[in-house]
Amino acid sequence: MDHGGAAAIIDPHGTVTGWSEGARSLTGYSAQEAVGRPARELLAQDAPAAVVAALTGRVVLRHRDGHTLSLSLTASPVTGAAGEPLGFVVGGTPTDGGGPSPAIGAFEQASVGMCVFDTDQRYLLSNTTANRILGVPEHEVVGRLVADVAPEDGGGRELRESLAKVVRTGKPDQYDIDAPAPADGPERAWSVYLWPVLDTDGRVSVVGLVVFDRTEQRGLRRRVALLNEAATRIGTTLDVVRTAEELTTLVVPGFADFASVDLLHWVLGPGDPSSLVGDGVALRRAAYTSGVKNAPPPGLKLGAPSVHPPFSPTARAIAEGRVTRVNAGDPEFARWIADSDRRYPAGRDFRARIRSLLAVPLRARGTTLGVAIFSRLTHPDEYTDGDMGLAEELASRAALSVDNALRYSRERATALTLQQSLLPRAPRAQAAVTVAHRYLPSRSAAGIGGDWFDVIPLSGSRVALVVGDVVGHGIQSSATMGRLRTAVRTLADVDLPPDELLTHLDDLVTHLAADEHNAEIPELGATCLYAVYDPVARRLAMASAGHPPPVLVRPGRAGRVVQVATGPPLGIGGLPFESTELLLPEGSLLALYTDGLIGGPDRDIDEATAQLSAALSAPADDLDAVCDTVLRTVLPERPDDDVVVLLARTHALGTDSVATWEIPADPASVATARQAATEQLAAWGLTAASFITELVVSELVTNAIRYGEPPIRLRLIRDHTLICEVSDASSTSPHLRRAHAYDEGGRGLLLVAQLTRRWGSRQTGGGKTIWAEQVLPPPD
């Protein structure tokens, strides 16, 4: 810190904050005595105020013992990491007291601009650097007013205002100068600091000024600001092309005049991540942005393929895994331009304007995805090493976002494929209902959910309508949905009532969760609504496990929400479910759906349900049109969950399709039952089915009389199949068994199973029903 003899540090307020050993030897003052004192207290009374303000030139110091000594001072500014002024290092050497100080020459030639003004804004001192930066004549400024020499639009107004403020307040001031880039150089930026020098009465006597070059600091701040902006603007969506667009729009026009992102073929479509061309690299343009007015087209359109030879900047960047810089005039640049002009002549004029170019590989998690290209056409500066580091950081962030988008797209596609493979393709026609459905997968970042629906044919021409929603998103939810749908179909085949079916399903979800997470408290959950419609009795029975209630529209009436006794979601365990039964007129419309249709962070559930009821009540040609109306009017603008809508229009099977007889518990009534069934088949024109039907009726009625309890009822249903049902008051169900050679019984149900398409039993509120289905024969 020693400057030729002695040195001290003076802060912008004129206070001594540092004191060297040389200064102690020269002045007699120790550091403890000097630090914290105003610098002017160490000067002789006759020290020129202007020189004191400039902290340079010849000054007279008062020694500690009282005598004076002449010093030649020079000053160097001290700034912090961000360019803020911390003060000045003032060095002093003794002089002989005569002639001009050698420090004056150093002052004039200093690289830091320095000036001294009186309180009337008149120049007292000013060096060449300050004159150049402040835009004033290099000669004859001393003694002149700022208003006379500083141009109004070149910083003169700011200088006058700042000087007036310092004189008025007695406090330092600061302002910045940003100079536009000249035709042959870069932009420059300076910071101007002014501080007052007070006399013994505390009044401002002169004002000192120092100008610091902050071009480098401004460039650093711009880089930091660009990186901070990249953190918020790149990767806002899980879309590959959109992420590429975000990168190019971020860097243009501040960092590049033209920017593009070219991705490997497999990134924008199916393919192997290692699929590179042997004689170069095959890429497809994903995005580009140009900030140059009237610039010719770049030659490659979005989505267009291109092949880059090994010597091109793009291929070198990918092969070497680091940023590649080329400038106009480089041999590699000229070779690449010539090859590109030959391959893609449409962009010849555009490439001719490139002055400097960076090719940055897009790499994430060890995989190369493509390359980002930043070009300067009108920018005066070529890319520097600092620019290369910034480009690598920007490309790294963009590559990670592209990779996240790819992973999301693949997982979403896998989950969607799994989901669609597990959902029913097109439920077959039912006599009980006409159905229409819609399934819309979620497009949110969370991924595909676990929503599902099903239409399950049951015995007796009944049909089960199911809608469910597994908690969570992704492949795991889709797999769980598949297991639950399979379980529902299995339980439905047993013909369990809705409340009992949900109880068994709740146990299954609890066991699945315990097995999956190896914990007693399950984390897996789901909601489900299970409804069974009987077209013969026109009765609807349903139970809910935490699922939104259905909406019912009776013929000629407005839609309303059905009040269902809602149980807890599946997986909670330990709580019962209740069934709700309704008698429906023929032609009623029932709507089952998942919460993605009416839910959302900013939606009112009641209002959305009212919209759904209104949409279902609107006249429409068919159920598919009703589905479209529902989605158009009720669906949120940006649904964040899967959406399932299942509509069912009810039908009724009347006396022309159903025949019922009460059978006495007398073995002699078996023949009467056979005769009645045969006559009914003849009335329906199905005499071809009489032989098998007689055997089925005989076996089922005989078993009911022998093993069951009255009352016994026989029913024939003509639907898509011919159904024979025998009901009794006993809850004991028959079982198929194989009779041995000398057994007198046990062959009846085996015979029924062989002659019919399927058979089974179901429990009812008053006992059980045994049923068998036959394929309808051709009519008579």
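Legend: residues meeting side-chain hydrogen bond (donor to acceptor under 3.5 Å, both in side chains) with R316, ordered by chain and number and at least two apart, are absent. Here R122 pairs with D118, L145 under the side-chain contact (heavy atoms from CB on, under 4.5 Å) rule; sequence neighbours left out. Residues that satisfy the side-chain contact (heavy atoms from CB on, under 4.5 Å) test with Q121, not counting sequence neighbours, are V146, R160, L163, A164. Taking the salt bridge (charged side-chain N to carboxylate O under 4.0 Å, His left out) definition, one finds that D120 meets it with nothing, sequence neighbours left out. D403 is linked by a side-chain contact (heavy atoms from CB on, under 4.5 Å) to A364, R365, L369, R407, counting only residues two or more places apart in sequence or in another chain. Not counting sequence neighbours, E332 has no partner by the salt bridge (charged side-chain N to carboxylate O under 4.0 Å, His left out) test. Residues meeting the ring pair (Phe, Tyr, Trp, His ring centres under 6.0 Å) test with F255, sequence neighbours left out: F374, Y383. By the side-chain hydrogen bond (donor to acceptor under 3.5 Å, both in side chains) test, R168 pairs with no residue at all, sequence neighbours left out. Not counting sequence neighbours, S375 has no partner by the side-chain hydrogen bond (donor to acceptor under 3.5 Å, both in side chains) test. Partners of E392 by salt bridge (charged side-chain N to carboxylate O under 4.0 Å, His left out), not counting sequence neighbours: none found. For the side-chain hydrogen bond (donor to acceptor under 3.5 Å, both in side chains) test, no residue two or more places apart in sequence or in another chain qualifies with D604. S312 is linked by a side-chain contact (heavy atoms from CB on, under 4.5 Å) to H308, P309, T314, A315, W336, counting only residues two or more places apart in sequence or in another chain.
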